[in-house]
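The structure appears right after this line, and notes come after that.
Remember, it's 1-based here, ligands and their atoms both numbered in the order they're listed. All of these numbers come straight from a predicted model, not from anything done at the bench.
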Amino acid sequence: MSQLNKADWQAKALDLNIEGRAFINGEYVDAVGGGTFACHSPIDGRLLATVASCDGADAQIAVANARAAFNSGAWSRCAPAERKAVLKRFADLLEAHAEELALLDTLDMGKPISDALAVDVAGSADAIRWSAEAIDKIYDEVAPTSADQLGLVTREPVGVVAAIVPWNFPLMMASWKLGPALATGNSVILKPSERSPLSAIRIAQLACEAGLPKGVLNVLPGYGHTVGEALALHMDVDTIVFTGSTKIAKQLLVYSGQSNMKRVWLEAGGKSPNIVFADAPDLHAAAEAAAAAIAFNQGEVCTAGSRLLVEKSIKAQFLPLVVEAIKGWKAGNPLDPQTNVGALVDARQLEQVVSYVEAGKAAGATVVTGGTRVLEETGGTYFEPTVFDGVDNAMKIAQEEIFGPVLCVIEFETPEQAVALANDTPYGLAAALWTRDLSKAHQTARGLRAGSVWVNMYDGGDMTAPFGGFKQSGNGRDKSLHAFDKYTEIKATWIKL
Ligand code: NAD
């Protein structure tokens with residue numbers, strides 16, 4: 001763990017040499033059209049870098065290079081053990097550059113530096129290493145055929161993968177895609193969010209340093225409606241893997257149909273319920289977890305526990321515990337290692353959060369703590385963790401993803417009502433429940449339409465289990481061996497004996 005203090009991080013931030021160009025075929029290049037956009041820090045509004053604004057012309061070049069690299073076989077046909085070695089070196093390099101990468105994500109999107117180090121960089125290296133370690137231990141199949149035939153069932157890389165990722169965990173969402181995509185032998189074009197492009201640009205060079213052949217990993221910063229759309233409509237991109245909003249996820253399905261029916265794998269939004277039954281084993285622990293579930297990463301988390309469903313009989317006792325716990329989450333300068341709530345990603349996000357808080361009040365819900373912008377004098381975009389009581393699940397604040405530190409407290413009386421309320425949104429990413437009754441835990445978990453369910457905990461998990469959504473939270477899964485399905489085609493080869 002880093003021993004740096006706030007002043008050390010601030011000094012390091014000023015010393016950083018930030019690269020803003022695209023990375024194509026093993027080198028940094030400007031956008032073909034010369035376009036750029038300014039990248040500001042939400043911590044204090046300062047200009048961090050001028051970043052290449054790629055568009056369709058850059059997509060053409062990157063896809064052509066990715067395809068050529070794929071066809072050369074330099075990566076796609078090299079032995080899994082060799083790919084493993086390169087990717088493990090890549091993971092080692094991420095760790096060796098942990099402070100620099102953490103700083104890039106913190107400056108770029110405002111998350112606390114302690115989390116950037118412990119969660120984002122550590123989780124990214126882990127994701128790459130886990131996929132690398134797995135790839136030379138996976139066997140293909142021989143079909144149970146008649147004696148005069150041999151049926152081979154083999155997995156092949158899909159080819160050129162475009163990975164379009166969001167800004168809330170810039171490095172980690174990219175790594176969840178890069179690990180399995182590269183381990184299985186694909187060429188990748190990574191399109192980071194225009195709101196946090198810096199760490200993605202940096203790691204392309206580290207991947208090459210680790211031994212990844214030229215053209216296998218390309219990074220195209222730029223806007224969604226320009227370079228993102230160009231990749232999604234491209235006739236020579238085989239697969240899109242996406243993490244981001246449900247709105248854009250749906251649009252990608254349309255692009256696929258309008259172009260080459262490329263495979264589309266979507267990790268989208270959420271409005272996750274956190275159900276606290278009266279027989280929860282430890283109400284203090286449940287309250288601490290409920291606070292963390294909405295305040296961690298400024299609430300800019302796809303699995304944020306944004307709807308707290310509380311059994312009526314304990315609500316008067318439980319809500320004060322939650323309010324107390326959430327007061328331990330305080331917005332502050334993300335470069336201070338003590339800070340646990342940083343800045344929202346930008347002014348647009350701040351506006352979005354403010355407008356939802358206004359909508360909640362207008363609908364009749366009550367703010368019991370928070371509700372306002374703070375630290376405005378810093379030039380940054382900070383918002384206090386906020387709790388709304390008296391929320392009806394039909395309200396806009398309970399149905400739509402706010403993507404900020406705003407918690408909706410909703411009452412229920414029976415387990416059946418809790419499950420019905422929990423499932424009553426378009427989303428199905430994650431859910432949690434708290435009870436000491438084993439049967440109730442299993443029955444409730446079975447009833448929840450969500451890709452991840454946590455019992456007596458919130459937001460647990462590591463690389464060993466799949467992660468993804470039901471309903472409009474997406475399809476396919478990141479993490480675990482299931483993620484490899486997105487990056488491989490299955491081939492049946494029949495041989496007459
Ligand atoms: P977003 O959908 O606005 O953008 C995501 C990416 O898509 C960005 O790189 C963006 O530039 C690109 N994009 C935008 N328009 C595009 C277009 N027309 N064509 C192609 N690409 C386009 O999402 P965001 O605001 O960056 O991220 C927040 C969202 O991500 C939230 O909804 C959150 O729940 C979701 N998220 C989901 C998961 C998960 O694993 N399910 C994880 C993290 C974040």
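When Gly224, Ser473, Ser193, Gly270 are checked for heavy-atom proximity to atom 16 (C) of ligand 1, Gly224 turns out nearest. If you check each of Tyr223, Phe467, Tyr255 against atom 18 (N) of ligand 1, the one with the closest non-hydrogen atom is Tyr255. Nearest to atom 21 (N) of ligand 1 by heavy-atom distance, out of Ala249, Gly469, Gly228, is Gly228.
For the pair Lys191 and ligand 1, the shortest N or O to N or O distance falls below 3.5 Å. Looking at Asp478 next to ligand 1, no N or O pair under 3.5 Å apart turns up. An N or O contact shorter than 3.5 Å is missing between His225 and ligand 1 by distance. Note: an N/O pair closer than 3.5 Å links Val165 and ligand 1 by distance alone. In terms of polar-atom proximity, Trp167 is counted as a contact of ligand 1, with an N or O under 3.5 Å from an N or O of the ligand. Close N/O approach between Trp176 and ligand 1 is not found [any backbone or side-chain N/O within under 3.5 Å].
Within the 4.0 Å heavy-atom criterion, both parts of Cys302, backbone and side chain, lie near ligand 1. The residue Thr246 has no part lying near ligand 1, judged by heavy-atom distances below 4.0 Å.
Other residues, nucleotides and ligands place more than 12 heavy atoms under 6.0 Å from the NZ atom of Lys471. For His40, the NE2 atom is densely surrounded, since the number of other residues' heavy atoms within 6.0 Å is greater than 12.
A salt bridge is defined here as a Lys NZ or Arg NE, NH1 or NH2 lying under 4.0 Å from an Asp or Glu carboxylate O, and Glu300 with Lys111 fails to meet this definition. A salt bridge does not link Arg202 with Glu19: every distance from a Lys NZ or Arg NE/NH1/NH2 to an Asp or Glu carboxylate oxygen is 4.0 Å or more. Classification of Arg348 and Glu351 as a salt-bridged pair fails, no side-chain N sitting under 4.0 Å from a carboxylate O.
Annotation: side chain of Asp126 is in contact with side chain of Met463 (closest heavy-atom distance under 4.5 Å). Side-chain contact between Val357 and Phe388 is present, with heavy atoms from C-beta onward closer than 4.5 Å.
When each atom of ligand 1 is checked for a heavy atom of Thr243 under 4.0 Å away, the hits are 5 (C), 36 (N), 37 (C), 38 (C), 39 (C), 40 (O), 42 (C), 43 (C), 44 (C). Atoms of ligand 1 found under 4.0 Å from any heavy atom of Pro192, numbered from 1 in the order shown, are 9 (O). Residue Asn168 has at least one heavy-atom neighbour below 4.0 Å for each of these atoms of ligand 1: 43 (C), 44 (C). Residue-ligand proximity, Glu229 to ligand 1, at heavy-atom distances under 4.0 Å covers atoms 19 (N), 20 (C).
Proximity of the aromatic rings of Trp176 and Phe169 is defined here by a centroid distance below 6.0 angstrom, and this criterion is not met.
Under the 4.0 angstrom criterion for non-hydrogen atoms, Phe169 is not in contact with ligand 1. Contact annotation: Ala268 has at least one heavy atom less than 4.0 Å from an atom of ligand 1.
Across Thr425, Leu429, Ile397, Asn393, a single residue satisfies side chain to side chain contact (heavy atoms under 4.5 Å, CB included) together with Lys271, and that is Thr425.
For atom 24 (P) of ligand 1, the protein comes within 4.0 Å by at least one heavy atom.
Note on ring orientation: taking the six-membered ring where Trp is involved, the planes of Phe403 and Trp167 are perpendicular (angle over 60°, cut-offs 30° and 60°).
Between the side chains of Trp265 and Asp478, no donor N or O sits under 3.5 Å from an acceptor N or O.
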